[in-house]
Amino acid sequence: MSRAIRDGKHHRACNLCEAICGLTITVEDGRVTDLRGDPLDPLSRGAICPKGTALLDLYADPDRLRTPIRRDGAAWAPIEWDAAFDLAVDRLREIARVHGNDAIAVYLGNPTAHNSGTLLSMGGFLNALQTKNRYSATSVDQLPSHVAALEMFGHPALIPVPDVDRTDYFLIMGANPLVSNGSLMTAPGMRTRLREIRERGGRVVVLDPRRTETAAVADEHVFVRPGSDAALLLALLDTIFSEDLVRLGRLEPVFRKLDVLREAARAFPAERVAAFTGVAADTIRRIAREFAAARRPVAYGRIGLSTQAFGGLCQWLVLALNAVCGRLDAEGGMMWPQPAFDLILGAKAGEAHSGRWHSRVRGLPEIYNELPVAALIEEMQTPGEGQIRALVTVAGNPVLSTPNGGLLDRVLPGLDFMLCIDPYVNETTRHADLILPPAHGLETEHYDVIFHQFAVRNTARYSEPVFAIDESQRFDWQIFGALRERLTGKRGATPRERLDTGLRYGAYRTSLEAVRAHEHGVDFGPLAPCMPERLLTGDARIDLAPATFVADLKRLDAALAEPVPELALIGRRQLRGNNSWMHNAPRLMRGPDRCTLQIGIADAAARGISSGDVVEVASDAGEIAVLAEVTPDLMPGVVSLPHGFGHGNAAVLLSVAHDRPGASYNDLTDSTRIDELTGNAALCGVPVSVRLRREAEVAAVS
Ligand SMILES: Nc1nc2c(c(=O)[nH]1)N[C@H]1C(S)=C(S)[C@@H](COP(=O)(O)OP(=O)(O)OC[C@H]3O[C@@H](n4cnc5c(=O)[nH]c(N)nc54)[C@H](O)[C@@H]3O)O[C@H]1N2
Ligand SMILES: Nc1nc2c(c(=O)[nH]1)N[C@H]1C(S)=C(S)[C@@H](COP(=O)(O)OP(=O)(O)OC[C@H]3O[C@@H](n4cnc5c(=O)[nH]c(N)nc54)[C@H](O)[C@@H]3O)O[C@H]1N2
Ligand code: SF4
Ligand SMILES: [Mo]
C-alpha cells in the first residue's frame with residue numbers, strides 16, 4: 001500500500017454521502033494516525049458519522065480492485081489497462097454496429113454523484129455511445145423531485161432545500177435525516193441542527209410509518225400509512241384553503257393557478273382521507289393550522305415520499321404546501337442554494353423538456369436524458385430492434401438496488417457484453433466481462449459539484465488526495481478519457497479545467513486556485529432569496545398546479561377506494577451502511593445482524609412470530625427469508641427491511657459482507673409497480689405476506 005503524499009493535517013470532504021462533512025486527517029510517518037470532523041469547515045462544523053472513519057477501511061480493503069480484470073470462463077484474469085480499453089471499445093463498437101447504438105445500455109449508480117472526477121469526465125464517453133438507453137439510480141430515488149422542479153420552476157435541478165438553520169417548524173415526511181444524514185438537503189450534523197431548531201423555540205414534526213431515529217428526537221411523530229402521503233398533503237392544503245390560512249408572500253405575483261390547486265385540494269378534505277392515511281382528521285387539521293401559524297415553517301419530503309406509487313404527486317404537493325404559506329424562497333422555508341459551481345449555469349428559460357423519447361417496451365418517458373430503470377429488465381428481455389445487448393455500469397449495483405433485482409441477476413448473464421467501472425466485484429459486477437476499477441476515496445481529488453447545489457449554506461471546498469496512487473492504478477477521469485478517445489479520437493478537458501471554468505463563471509466568479517487556497521472550504525454565507533430571477537420556466541412564473549400532476553389525481557382518487565394490503569413493506573436505512581456497498585468495511589459490520597424484518601407487536605403475535613425467528617417474506621415478485629425483530633416502533637400493518645443486503649452468492653468478492661449476507665429487499669419489489677406519473681420505482685409500501693418458517697426449512701436456511 002502506498003504512503004500518504006505528505007505528513008501533517010489533511011482537510012478534505014467525506015464523499016460517501018450527501019452531508020459532505022469536512023474531515024481532518026492526520027498523517028504521521030506516511031500513515032494515518034487520526035481522522036475526525038473538521039471544526040473549521042463552515043458547513044459541517046466538525047460533524048462526522050461512523051462511515052466517515054470507514055474511509056480508512058475502504059482504502060485498505062484487500063477486496064478493492066486496483067487494476068482491471070476480465071472474465072476468463074468462470075474465473076477472472078488480470079489485463080493491462082490499454083488492452084482493457086481496447087477490449088471495451090472493440091466490443092461496444094461491434095455491438096453498436098450490428099444492433100444499433102440503443103443496444104448498449106448504461107446504468108449510473110449513486111456514487112457517480114459523489115465523485116467529481118467521474119462527473120466532470122464521463123459526459124464525453126456517454127455522448128459518444130449515443131444510446132437512448134441511459135438509466136441511473138435517480139429513478140429509484142429522487143426522480144419525482146426533478147419532475148416537480150421541471151414543471152414548477154423550469155429545470156430539473158432547481159430543487160429547493162429546507163433552510164433548516166432558520167426554520168421554526170420543520171415538517172419531515174418520509175425522511176430519516178438522523179440516519180441518512182440528509183438528502184436533497186446537504187446539512188451535515190443533523191442531530192445538532194435539529195436540536196438547534198428546538199433550542200430556538202421551534203418544533204420538529206415527523207410523519208412516518210416507523211417511529212424512526214429522527215422521530216425519537218422530534219416534538220411529535222405521527223404514523224402515516226405507506227403510500228398515502230399525497231392524500232394527507234391535499235388534506236393539509238384543503239384545511240389551509242378552507243380556513244383562510246393562505247399567505248402567499250413575496251412570490252405572489254409569479255404564482256399561477258392557485259385556484260386550480262384549491263379546487264384539487266377541496267376533493268380531499270381531512271375527514272375523507274383519515275382512514276386511507278391512518279391519521280385522524282383532527283390531527284391533520286391541527287398540523288395544518290400549526291404549520292400555517294408558525295413564523296418560519298418548512299415542509300420537506302424525501303425517499304419515503306418519492307419511491308412510492310404517488311411520488312410525483314407528493315413532491316408537487318410538498319412544494320405547493322410551502323408555496324401557499326409563503327415559504328418558497330423565504331428564510332427558514334424552502335430556498336434555492338446558489339452554488340459556486342452551478343449545474344444550471346447557461347440553462348435557458350423554457351429550454352428543459354422531458355418525454356423527448358420513450359422506452360421501447362412500456363413507453364415510459366425520458367427525463368433529463370434518462371429512462372426509468374424500472375424499464376431496464378424488459379428492455380433486455382424483449383426481442384426486437386433496440387433490444388439491449390450490452391450494459392455499461394458506473395458505480396452501481398442494480399441487482400441489489402433496483403426493482404426485481406433478483407430477476408435482473410438472472411437476466412444479466414444473457415447479455416453479449418458487460419463493462420463495469422467499479423472498484424468491487426459485487427452482485428452486479430460479478431456478471432461483467434470486464435471491470436475497470438478507478439482509484440478511490442482518499443486517493444482522489446474531489447469537489448462536490450452536485451451537493452453544494454443542494455446545501456443549506458453556500459460554501460465551496462476542494463479536496464486534495466491524501467494518498468498517491470501507484471503506476472498500476474488509474475483515476476476515473478483517466479478511464480473515461482481513454483474510452484472516449486478510442487471511441488471518438490477526441491480528448492476532453494480535464495476535470496480540473498472544467499471545474500475551474502465553472503467556478504469562474506459561477507455566482508461568485510471565483511476560481512479553482514482561490515478555492516484551493518482555503519483548505520477548510522470557502523463560506524459564501526447563508527442561503528439568500530434569488531427568485532424569481534433564477535426561474536427557468538418559459539413564462540417566468542411558477543405553476544402551482546401543473547396539468548400533468550392535476551390529471552394524476554384521478555389515480556389517487558381511485559386508490560382511496562382500494563382495499564388496504566394486510567402488510568406493507570417499507571425500507572430502513574442504517575447508519576452503518578451506504579445502500580449496498582459499505583458492508584465490506586469491518587468497522588461498520590460489528591454487532592448483531594442488521595438485515596432483520598421489523599414487525600409490530602400485534603402483527604407478530606397474530607402470526608406467532610418472535611424476535612430471532614426466521615420468517616419468510618413474500619410478494620408478487622419473489623420471496624426471501626430473514627430474521628424477525630419484533631418492535632413497538634412500527635405502525636400496525638407495516639413491516640420494515642433494510643435494502644442493499646443479499647451478499648450471499650459465492651461469486652461476490654466481498655469477504656466481510658459475505659459473512660453477513662442478509663437478503664435483498666429488491667427481490668420483493670416489482671418493476672411494474674411504479675409511480676405512473678414520473679416512472680420512479682415504487683419501492684415503499686410493497687404488499688407482502690409474512691410467515692414463520694417451519695423447523696425443517698429453518699435448518700436449510702442457517
Ligand atoms: N428497496 C430499496 N431499494 C433502493 C433504495 C431504497 O431505499 N429501498 N434506495 C435507492 C437509492 S436512494 C439509491 S441512491 C440506490 C443506490 O443504488 P446503486 O447506485 O445502484 O448502488 P450502490 O449500492 O450505491 O452501489 C454503488 C457501487 O458503486 C461503487 N463505487 C463506490 N464509489 C465509487 C466510485 O467512486 N467510482 C466508481 N466507479 N464506483 C464506485 C461501489 O463499489 C458499488 O459497487 O438504491 C436504491 N434502491
Ligand atoms: N447511513 C446511510 N446514509 C445514507 C444512505 C444509506 O444507505 N445509509 N443512503 C443515502 C441515499 S442514496 C439517500 S437517497 C438518502 C435518503 O435519505 P432519507 O430519505 O432521509 O432516507 P431514509 O432513511 O430511507 O428515509 C425514508 C423514510 O421514509 C419512511 N417511509 C417509507 N415509506 C413511507 C411512506 O409511504 N410515507 C412516509 N411518510 N414515509 C415513508 C421510512 O420509514 C424512512 O424513515 O440517504 C443517504 N444517506
Ligand atoms: S455523514 Fe456522510 S459525509 Fe459525513 S462523515 Fe458520515 S458518511 Fe461522511
Ligand atoms: Mo439515493
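In listed order, ligands and their atoms are each counted from 1. Since the model is a prediction, treat every value here as computed from it, not as a measurement.
- Considering Val652, Leu654, Leu653 as possible partners of Val425, the one that fulfils the side-chain contact (heavy atoms from CB on, under 4.5 Å) test is Leu653.
- Checking only distances, Asn115 does come within under 3.5 Å of ligand 1, N or O to N or O.
- Between the choices Ser640, Gly174, Ala568, the shortest heavy-atom distance to atom 28 (O) of ligand 2 belongs to Gly174.
- Remark: distances from the non-hydrogen atoms of Ile303 to ligand 1 include one below 4.0 Å.
- The shortest N/O to N/O separation between Asn110 and ligand 2 does not fall below 3.5 Å.
- Side-chain atoms of Asn397 and Asn579 form no donor-acceptor pair, as typed in the model, at a separation below 3.5 Å.
- Heavy-atom proximity to atom 34 (C) of ligand 1, evaluated over Glu427, His583, His114, His440, is greatest for His440.
- A search for ring pair (Phe, Tyr, Trp, His ring centres under 6.0 Å) contacts involving His221 returns Phe223, not counting sequence neighbours.
- The structure places CZ of Arg302 at 4.0 Å from CG of Leu184, a figure rounded to the nearest 0.5 Å.
- Atoms of ligand 2 lying under 4.0 Å from any heavy atom of Ile570, numbered from 1 in the order shown and given with element: 31 (C), 32 (N), 42 (O).
- In this structure, CE on Met190 lies 9.0 Å from CG on Asn181, to the nearest 0.5 angstrom.
- In the vicinity of Cys684, heavy-atom distances shorter than 4.0 Å reach the ligand 2 atoms 31 (C), 32 (N).
- Ligand 2 has no N or O atom lying under 3.5 Å from any N or O atom of Arg225, backbone or side chain.
- At least one heavy atom of Ile421 sits closer than 4.0 Å to an atom of ligand 1.
- Of all the heavy atoms in Leu436 and Ala84, the pair that sits closest is CD2-CB, 3.7 Å.
- Here the CH2-CD1 distance, from Trp81 to Ile479, works out to 4.0 Å after rounding to the nearest 0.5 Å.
- Residue Lys51 places at least one N or O, backbone or side chain, under 3.5 Å from an N or O of ligand 2.
- The main-chain N or O of Arg12 is never found under 3.5 Å from a side-chain atom of Ser463 such that the two would form a donor-acceptor pair.
- For Thr307, the closest heavy-atom approach to ligand 1 does not fall below 4.0 Å.
- Each of the atoms 35 (O) of ligand 2 lies under 4.0 Å from some heavy atom of Gln308.
- Less than 4.0 angstrom separates some heavy atom of Asn426 from each of these atoms of ligand 1: 43 (C), 44 (O).
- Closest to atom 21 (O) of ligand 1, if we only count protein heavy atoms, is Asn397 N, 3.5 Å.
- At a threshold of 4.0 Å, the pair Asp57-Lys51 does not count as salt-bridged, since none of the basic side-chain nitrogens sits closer than that to a carboxylate oxygen.
- Listed by atom number, the atoms of ligand 2 under 4.0 Å from Thr212 heavy atoms are 44 (O).
- Atom-to-atom distance recorded for Phe475:CZ and Glu443:CD is 7.5 Å, nearest 0.5 angstrom.
- Although no hydrogens or angles enter the test, the distance criterion places no donor-acceptor pair under 3.5 Å between the side chain of Gln142 and the main chain of Ser306.
- In this structure, of Ala309, Ser180, Ala215, the residue bringing a heavy atom nearest to atom 20 (O) of ligand 2 is Ser180.
- In terms of polar-atom proximity, defined here as any N/O pair under 3.5 Å, Tyr107 does make such a contact with ligand 1.
- Between Pro438 and ligand 1 there is a heavy-atom distance shorter than 4.0 Å.
- Residue-to-ligand polar distances keep Asp141 apart from ligand 1: every N/O pair is separated by 3.5 Å or more.
- Of all atoms in ligand 2, numbered sequentially from 1 with element shown, those under 4.0 Å from a heavy atom of Gly577 are 1 (N), 2 (C), 6 (C), 7 (O), 8 (N).
- Contact annotation: Asp476 has no heavy atom less than 4.0 Å from any atom of ligand 1.
- The Gly227 neighbourhood of ligand 2 comprises atoms 34 (C), 35 (O), with distances under 4.0 Å to a heavy atom of that residue.
- At least one heavy atom of Arg573 lies less than 4.0 angstrom from ligand 1.
- In this structure, the ring of Trp581 has its center no less than 6.0 angstrom from the ring center of His114.
- Residue contacts with ligand 2 for Leu305 involve side-chain atoms from C-beta outward but no N, CA, C or O (heavy atoms, distance under 4.0 Å).
- The residue among Pro642, Ala395, Ala137 with a heavy atom at the shortest distance from atom 39 (N) of ligand 1 is Ala395.
- In this structure, Leu234 and Leu317 have side chains that are in contact, with non-hydrogen atoms separated by less than 4.5 Å.
- When non-hydrogen atoms are compared, ligand 1 lies under 4.0 Å from the side chain of Tyr665 (C-beta onward) but not from its backbone.
- Close contacts of ligand 2 with Gln574, meaning ligand atoms under 4.0 Å from a residue heavy atom, involve 1 (N), 2 (C), 8 (N).
- Between Gly182 and ligand 2, no pair of N/O atoms sits closer than 3.5 Å.
- Looking at residues two or more places apart in sequence or on another chain, you find no ring pair (Phe, Tyr, Trp, His ring centres under 6.0 Å) involving Phe454.
- Among protein heavy atoms, the minimum distance from atom 7 (O) of ligand 2 is reached at Asn579 N, 2.7 Å.
- Under 4.0 Å from ligand 1, not a single heavy atom of Thr444 appears.
- Taken from CG in Asp670 to CG in Leu683, the straight-line distance is 11.0 Å, to the nearest 0.5 Å.
- When heavy-atom distances to ligand 2 are checked against a 4.0 Å cut-off, Ser183 comes that close only through its side chain, counted from C-beta outward.
- At a 3.5 angstrom cut-off on N or O pairs, Glu18 does not count as close to ligand 2.
- Counting heavy atoms only, Ser580 comes closest to atom 25 (O) of ligand 1 of the residues Ser580, Gly109, Gly571.
- Between the NE2 atom of His431 and the CG atom of Asp409 there is a distance of 3.5 Å, given to the nearest 0.5 Å.
- Which parts of ligand 2 touch Asn578 is read off a 4.0 Å heavy-atom cut-off, strictly below it: atoms 5 (C), 6 (C), 7 (O), 8 (N), 9 (N).
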